Amino acid sequence: MTPIQPFERELAPAAAFSQAKAWPFEEARKLVERTAGKTPEKGYVLLETGYGPSGLPHIGTFGEVARTTMVRQAFQRLSDVPARLFCFSDDMDGFRKVPDNVPNKDMLAAHLGKPLTSVPDPFSNEYSSFGEANNARLRAFLDSFGFEYEFQSATDWYKSGRFDPMLLAMLRHYEEIQAVMLPTLGAERQQTYSIFLPICPKTGRVLQVPVVETRPDDGTIIYRGEDGALVETPVTGGNVKLQWKADWAGRWFALGVDYEMYGKDLIPSAELSAKIVRILGGKAPEGFAYELFLDDKGQKISKSKGNGLSVEEWLTYAPPESLALYMFQSPRKAKRLYFDVIPRAVDDYRTFVGKFAEEEPAKKLENPAWHIHAGNPPAPDSTGLTFGILLNLASACHAESKDVLWGFIKSYAPGATPEGDPQLDKLVGFALNYYRDFVAAHKAYRAPNEAERAAFEKLAADLEAAPADASAEDLQNIFYEVGKTIMAEDLRGWFKTVYEVLLGQEQGPRMGSFVQLYGRDNMVALIRKALDGTLA
């Protein structure tokens with residue numbers, strides 16, 4: 001992601017911004033309408049994302065911050081009102097479960113129930129708590145993508161007193177808010193539920209206990225502790241925290257949040273939180289409910305199931321901009337998020353970047369590259385090579401190093417070098433990684449039948465006889481013409497045959513372009529090996 005930068009408005013007149021149809025602009029116009037073009041009393045428009053630091057940042061974290069950043073960028077083109085983005089960590093939450101992927105589990109188990117910022121750091125002595133350690137990982141994660149944001153800690157807001165006015169308002173409206181929440185709970189839970197969760201002064205744990213009396217004039221509640229005794233405690237100063245739906249509403253109210261995204265599964269929670277904000281006398285933020293990701297079987301991705309794709313895994317095979325594109329496209333549509341989507345995402349990103357410079361100003365605002373790069377996409381590389389074609393090149397020559405692929409690239413595009421085109425060099429590395437982990441082990445060459453053998457003999461002869469300056473289109477036509485001699489009614493089937501026999505896979509590249517990159521002599525040699533039965 002490119003940090004927000006001043007945009008050259010003469011390239012896209014104000015009218016173009018106001019009429020842009022891309023969804024970030026549609027969302028940004030909600031904020032323009034909300035503010036009526038005026039700066040809010042707090043001095044800025046506030047966009048927010050939330051983070052639960054009981055675990056490490058994940059692909060959903062990236063998606064939420066990336067998408068919210070896109071809305072912020074669009075808003076800053078539509079309005080001169082300052083806009084800030086808060087990444088808010090719910091680090092005051094009780095530590096409910098020891099994760100499987102952390103060290104010192106026995107030590108952590110002894111601190112279950114305490115706020116995450118009161119649980120020792122299991123990784124090292126570098127941070128004061130488990131919550132702080134994961135907060136640091138969140139900031140490092142977001143910083144690695146160049147996001148522009150301000151980190152906020154729930155513990156800091158509670159303990160510093162900045163939440164105190166909101167907590168006292170919650171106390172004054174306690175019965176009204178309870179009346180909103182109780183109908184959403186089971187009968188047994190209703191008997192003990194309270195929006196306030198006291199922090200036990202003896203054990204330091206976040207208590208799920210009934211509140212037996214509220215004293216708004218004193219700013220206190222009386223609850224029955226774990227030992228059965230009645231305890232009076234202030235709701236201010238970090239002595240209590242809020243149940244999460246009330247907590248979400250309290251944050252919206254206290255911070256004056258104007259915009260927040262959330263997954264489709266949280267729509268009911270957002271509606272409840274909005275009701276609570278209105279009870280407090282505030283205005284709920286503009287919301288955007290995005291669809292959830294699915295795995296390759298169409299099942300909802302779950303961290304506990306481990307059926308998802310991590311950011312680290314995506315970045316092993318593709319640049320972060322391709323992931324940003326995946327997040328940009330159709331956010332209200334359920335999408336499958338697994339390894340097979342990566343090559344398409346990379347090539348779609350490169351296509352959008354390649355088109356950007358030649359587009360009309362208004363059209364640029366519909367191009368995802370504008371939103372990924374804050375209006376300033378990089379220049380495309382000179383070769384125009386796709387991830388898909390590099391992947392097939394690696395497959396054809398069984399490449400194990402970047403040097404092998406660069407040998408072909410330099411013949412195809414004289415003057416191209418890893419040093420001169422670092423983005424292409426990274427793409428070569430990604431293609432090798434993807435080929436190694438997802439293609440090589442599944443290659444299955446098949447021998448051609450008699451009719452197919454004759455077609456491949458003719459294909460080799462026609463490629464050899466083609467003029468030296470034959471274009472990619474000329475070479476593609478050779479494949480078409482040979483295909484018509486054997487499978488005139490099913491040319492798609494002919495190309496599937498080409499891929500299975502020559503590449504050991506069911507899908508492949510546009511062959512004319514591929515032959516130009518791979519080399520005509522190499523392609524003829526590959527055909528000969530297939531006919532001899534020596535491909536492996």
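Side chains are part of it too, since the values below use all heavy atoms of this structure and drop only hydrogens, waters and symmetry mates. The structure presented is a predicted model; accordingly, all values stated were derived computationally and were not measured.
Under the 6.0 Å cut-off for aromatic ring centres, F147 and F62 qualify, their centroids lying closer than that. In this structure, the ring of Y259 has its center no less than 6.0 angstrom from the ring center of W252. For an aromatic pair to be called close, the ring centres must be under 6.0 Å apart, and H371 with F25 satisfies this. For Y127 and F123, the distance between ring centers is not under 6.0 angstrom. In this structure, the ring of W406 has its center no less than 6.0 angstrom from the ring center of Y412.
Within 6.0 Å of CD in Q329 there are more than 12 heavy atoms belonging to other residues, nucleotides or ligands. Within a 6.0 Å radius of CZ in R96, other residues, nucleotides and ligands contribute 12 heavy atoms or fewer. Open room surrounds NZ on K426; 12 or fewer heavy atoms of other groups in view lie less than 6.0 Å from it. The 12-atom threshold is not exceeded at CZ of R344, counting heavy atoms of other residues, nucleotides or ligands nearer than 6.0 Å.
The heavy-atom pair separating A28 from F75 by the smallest distance is CB-N, 3.4 Å. Counting all heavy atoms, side chain and backbone alike, R350 lies closest to L424 at NH2-CD1, 4.3 Å. Annotation for M92 and V206: closest pair O-CG2, 4.2 Å, computed over non-hydrogen atoms. In plain terms, the two heavy atoms of V311 and F145 that are nearest each other are CG1-CZ, 3.7 Å.
Side-chain N or O atoms of D156 include none that pairs as donor or acceptor with a backbone N or O of K159 at under 3.5 Å. Using a distance-only test at 3.5 Å, with no hydrogens or angles considered, no donor-acceptor pair links the side chain of S79 to the main chain of Q76. The main-chain N or O of T417 is never found under 3.5 Å from a side-chain atom of D421 such that the two would form a donor-acceptor pair. In this structure a side-chain-to-backbone donor-acceptor pair under 3.5 Å is missing from E260 to L47. In this structure, the side chain of T68 does not engage the main chain of V65 through any donor-acceptor pair within 3.5 Å. At least one donor-acceptor pair under 3.5 Å links the side chain of S273 to the backbone N or O of S269. Using a distance-only test at 3.5 Å, with no hydrogens or angles considered, no donor-acceptor pair links the side chain of R251 to the main chain of V257. D121 places no side-chain N or O within 3.5 Å of a backbone atom of S128 that could act as its donor or acceptor partner. With hydrogens and angles ignored, the 3.5 Å screen pairs no side-chain donor or acceptor of N135 with any backbone N or O of A133. Not a single donor-acceptor pair under 3.5 Å links the side chain of E271 to the backbone N or O of L266.
From E312, atom CD reaches atom CH2 of W314 across 13.5 Å, with rounding to the nearest 0.5 Å. In this structure, the separation between CZ on F438 and CG on L391 is 11.0 Å, given to the nearest 0.5 Å. In this structure, CD on Q19 lies 8.5 Å from CZ on R29, to the nearest 0.5 angstrom. Note that the CZ atom of R172 and the CG atom of L167 stand 10.5 Å from one another [nearest 0.5 Å]. Distance check, rounded to the nearest 0.5 Å: CD1 of I199 to OG of S118 gives 7.5 Å. Between the CD1 atom in I409 and the CG atom in L390 there is a gap of 5.5 Å [rounded to 0.5 Å].
Side-chain N/O atoms of Q73 and W370 include no donor and acceptor closer than 3.5 Å. Between the side chains of S330 and W23, no donor-acceptor pair of N or O atoms lies under 3.5 Å.
In this pair, Y262 and W248 present their aromatic rings perpendicular. The plane angle is above 60°, beyond the 30 to 60° band.
By the 4.5 Å heavy-atom criterion applied to side chains, I221 and Y174 are not counted as neighbours. Side-chain contact between L337 and Y326: present, with at least one pair of heavy atoms (C-beta onward) separated by less than 4.5 Å. A 4.5 Å side-chain heavy-atom check between V353 and P380 finds at least one atom pair inside the cut-off. In this structure, the side chains of H373 and E321 come closer than 4.5 Å at one or more pairs of heavy atoms. No side-chain heavy atom of Y338 sits under 4.5 Å from any side-chain heavy atom of L309. Between Y51 and D90, the closest side-chain pair of non-hydrogen atoms is not below 4.5 Å. I276 is not listed as a side-chain neighbour of E176, based on a closest heavy-atom distance of 4.5 Å or more. The side-chain heavy atoms of P82 and V45, taken from C-beta on, include no pair separated by under 4.5 Å.
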**Q.** Criterion side-chain contact (heavy atoms from CB on, under 4.5 Å) on E48 and L85, from CA distance to verdict
**A.** CA-CA 6 Å; E48 184 193 48; L85 170 59; 5.7 Å; no
Before you tell me yes or no, could you show the steps for T61 and H58 under side-chain contact (heavy atoms from CB on, under 4.5 Å), namely the whole-Å CA-CA distance, both residues' side-chain angles and the distance that decides it to 0.1 Å? CA-CA 5 Å; T61 309; H58 52 84; 3.7 Å; yes
### Message
Is there a side-chain contact (heavy atoms from CB on, under 4.5 Å) between R77 and L365? Walk through the geometry before answering.
### Response
CA-CA 11 Å; R77 303 312 194 271; L365 303 182; over 6 Å; no
Practice item. Determine, stepwise, if the pair T316 / Y434 fulfils side-chain contact (heavy atoms from CB on, under 4.5 Å). Key: CA-CA 8 Å; T316 300; Y434 196 93; over 6 Å; no
For this session: List the steps, then state whether salt bridge (charged side-chain N to carboxylate O under 4.0 Å, His left out) holds for K363 with E358.
Result: CA-CA 10 Å; K363 189 68 174 176; E358 303 304 320; over 6 Å; no
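Remark: E27 engages K30 in a salt bridge, criterion side-chain N to carboxylate O under 4.0 Å. Salt bridge absent: E132 and R137 never bring a charged side-chain N and a carboxylate O closer than 4.0 Å. A salt bridge does not link D143 to R139: none of the charged side-chain nitrogens sits closer than 4.0 Å to a carboxylate oxygen.
Only one option out of T155, N134, T117 pairs with D91 in a side-chain hydrogen bond (donor to acceptor under 3.5 Å, both in side chains); it is T155.
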Report, one line per pair, each donor and acceptor closer than 3.5 Å where one atom sits in a side chain of residues 281-294; sequence neighbours left out.
{"from": "E286", "atom 1": "OE2", "to": "R34", "atom 2": "NH1", "distance (Å)": "3.1"}
{"from": "Y290", "atom 1": "OH", "to": "E64", "atom 2": "OE1", "distance (Å)": "2.5"}
{"from": "E291", "atom 1": "OE2", "to": "K264", "atom 2": "NZ", "distance (Å)": "2.9"}

Could you list the donor-acceptor pairs under 3.5 angstrom formed by side chains in residues 234-247, with sequence neighbours left out?
{"from": "N239", "atom 1": "ND2", "to": "T236", "atom 2": "O", "distance (Å)": "2.8"}
{"from": "K241", "atom 1": "NZ", "to": "D93", "atom 2": "OD1", "distance (Å)": "3.2"}
{"from": "Q243", "atom 1": "NE2", "to": "S194", "atom 2": "O", "distance (Å)": "3.4"}
{"from": "Q243", "atom 1": "NE2", "to": "Q208", "atom 2": "OE1", "distance (Å)": "3.0"}
{"from": "D247", "atom 1": "OD1", "to": "Y158", "atom 2": "OH", "distance (Å)": "2.4"}

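Residues satisfying the side-chain contact (heavy atoms from CB on, under 4.5 Å) test with A394, not counting sequence neighbours, are A399, L405, L432, Y435. Residues passing the ring pair (Phe, Tyr, Trp, His ring centres under 6.0 Å) test with F95, sequence neighbours excluded: F130. Partners of D437 by side-chain contact (heavy atoms from CB on, under 4.5 Å), not counting sequence neighbours, listed by chain and number: Y317. Every salt bridge (Lys or Arg N to Asp or Glu O under 4.0 Å) that K42 has, sequence neighbours left out, goes to D258.
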